[in-house]
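Computation of the quantities below employed the complete heavy-atom set of this structure, encompassing side-chain atoms and omitting hydrogens, waters and symmetry-equivalent molecules. One-based numbering along the sequence shown.
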Amino acid sequence: MIVIKLGGNALAASSSNDWVEPIGQAFNRDPNLIIVHGGGPQIDEELQIHGKSKLVIDGYRVTDANSFEIVEMVLAGKVQQSLVRLLRAAKLPAVGITGSDGALFDVVKRHSPSGSDLGQVGEVVGVNKGILAALLEKGFLPVVSSVSSDEDGLGFNVNADLAAGALAGAFTAERAIFMTDVPGIYRNYPDPDSLISQITLSELRELLPRLATGMIPKVEAVITALELGAKRASVIDGRDGRALSTLLAGGKAGTEVSHG
């Protein structure tokens, strides 16, 4: 099983979509593959259209009730369906679902690491694998949007990195791949000489408090994936499909995190 988290930059209109071919090749070799997608740049664009500004605390997007409607519209609608169409055009049997469908994600309200209220931002506390297992058994390629709801029907914006980490752990993935807008994890972002090629889970836990704010959700997602059962995780540059192609072909790219 491989879980791939596609960041919004990889899905932007300016993207060459050169990650599609390596995903197709990987799926044809072994269809045990799940895609989780983000959409931060697309959300920012839609917020601007509606005259709303982006607010981030400790690396997490603050999401009030009005903003959540926009987040859900963009992630579960525009971004997900464009991605499904793109994958289907590549002859891949993609199916889009959200964290709410089949109660895929059990979520609770989350606060920022410093304790600030983030609004309708959720944290995954459980994964109900049934719906994804059924799709995988029938040969489909699940494309997961992380927007979710609790048992009372209240919608939550769930960080896609953390959702991908939870899924990778739940399915004991051989690898979780996080495609983002940087080449990997930096000890001292953005110093290029501080890019980490390999690191163990225990070393990463120690490094987490010293990382740049924007890296925190990604690193927390990697830690979650490995703590819950994934065998290894990689953070790579999602803006360049060559990194994904190299990794899926057995080469090295970005930062690899292992249990050590």
Do [X] and [Y] make a side-chain contact, defined as non-hydrogen atoms from C-beta onward lying under 4.5 Å apart?
| X | Y | result |
| --- | --- | --- |
| Leu47 | Arg61 | yes |
| Thr98 | Val144 | no |
| Phe171 | Leu136 | yes |
| Leu6 | Val36 | no |
| Asn128 | Leu104 | no |
| Val121 | Val158 | no |
| Thr255 | Leu195 | yes |
| Leu33 | Val3 | no |

Do other residues, nucleotides or ligands put more than 12 heavy atoms under 6.0 Å from [X] [atom1]?
| X | atom1 | result |
| --- | --- | --- |
| Arg29 | CZ | yes |
| Gln25 | CD | yes |
| Phe68 | CZ | yes |
| Glu227 | CD | yes |
| Arg205 | CZ | yes |

Atom pair [atom1] ([X]) and [atom2] ([Y]), whose distance is rounded to the nearest 0.5 Å:
| X | Y | atom1 | atom2 | value |
| --- | --- | --- | --- | --- |
| Asn32 | Glu137 | CG | CD | 11.0 Å |
| Ser234 | Lys5 | OG | NZ | 14.5 Å |
| Ser258 | Arg232 | OG | CZ | 9.0 Å |
| Glu203 | Leu208 | CD | CG | 14.0 Å |
| Trp19 | Leu244 | CH2 | CG | 9.5 Å |
| Ile185 | Ile236 | CD1 | CD1 | 12.0 Å |

Next on the checklist: Evaluate Asp237 against Met179 for side-chain contact (heavy atoms from CB on, under 4.5 Å), listing each step before the verdict.
Outcome noted: CA-CA 6 Å; Asp237 195 335; Met179 298 175 64; over 6 Å; no

Determine whether [X] and [Y] fall in the same hydrophobic cluster, where Ile, Leu, Val, Met, Phe, Trp and Tyr are linked whenever their side-chain heavy atoms lie under 4.5 Å apart.
| X | Y | answer |
| --- | --- | --- |
| Phe27 | Leu248 | yes |
| Leu92 | Met1 | no |
| Val235 | Tyr189 | yes |
| Leu135 | Ile4 | no |
| Ile97 | Leu141 | no |

Nearest non-hydrogen partners of [X] and [Y], listed with the distance:
| X | Y | result |
| --- | --- | --- |
| Ala163 | Val124 | CA-CG2, 4.4 Å |
| Ile57 | Asp117 | CD1-O, 4.4 Å |
| Phe178 | Asp161 | CE2-O, 3.3 Å |
| Val147 | Ala76 | CG2-CB, 3.9 Å |
| Gly241 | Pro22 | O-CG, 4.2 Å |
| Met215 | Gly184 | CE-O, 3.6 Å |

Next on the checklist: The test is side-chain contact (heavy atoms from CB on, under 4.5 Å); show your working for Val84 and Val95 and say whether it passes.
Outcome noted: CA-CA 7 Å; Val84 168; Val95 176; over 6 Å; no

Is it true that a side-chain atom of [X] and a backbone atom of [Y] form a donor plus acceptor pair closer than 3.5 Å?
| X | Y | value |
| --- | --- | --- |
| Gln120 | Asn157 | no |
| Thr224 | Leu162 | no |
| Asp191 | Asn188 | no |
| Ser149 | Gly155 | no |
| Lys129 | Ala170 | yes |
| His259 | Ser202 | no |

Between [X] and [Y], is there a side-chain N and carboxylate O pair less than 4.0 Å apart?
| X | Y | value |
| --- | --- | --- |
| Arg187 | Asp193 | no |
| Glu220 | Arg110 | yes |
| Glu45 | Lys54 | no |
| Lys52 | Asp64 | yes |

Next on the checklist: Can a side-chain donor-acceptor contact be found between Ser112 and Asp58 if the only test is distance below 3.5 angstrom?
Outcome noted: yes

Item to check | Under 3.5 Å side-chain donor-acceptor pair for Ser148 and Ser100 | outcome: no

Next on the checklist: Run the side-chain contact (heavy atoms from CB on, under 4.5 Å) test on Glu256 and Ser197 for me, step by step, so that the C-alpha distance in whole Å, both residues' side-chain angles and the decisive distance to 0.1 Å come before the verdict.
Outcome noted: CA-CA 6 Å; Glu256 178 169 303; Ser197 59; over 6 Å; no

Checklist entry - Do the numbers put Lys109 on top of the ring of Phe156, so that NZ or CZ is under 6.0 Å from the six-membered ring centre and no more than 45° off the axis? => result no

Next on the checklist: Under the criterion side-chain contact (heavy atoms from CB on, under 4.5 Å), I'd like the reasoning laid out for Val257 against Thr200: C-alpha separation, chi angles, the key distance, then a yes or no.
Outcome noted: CA-CA 5 Å; Val257 186; Thr200 66; over 6 Å; no

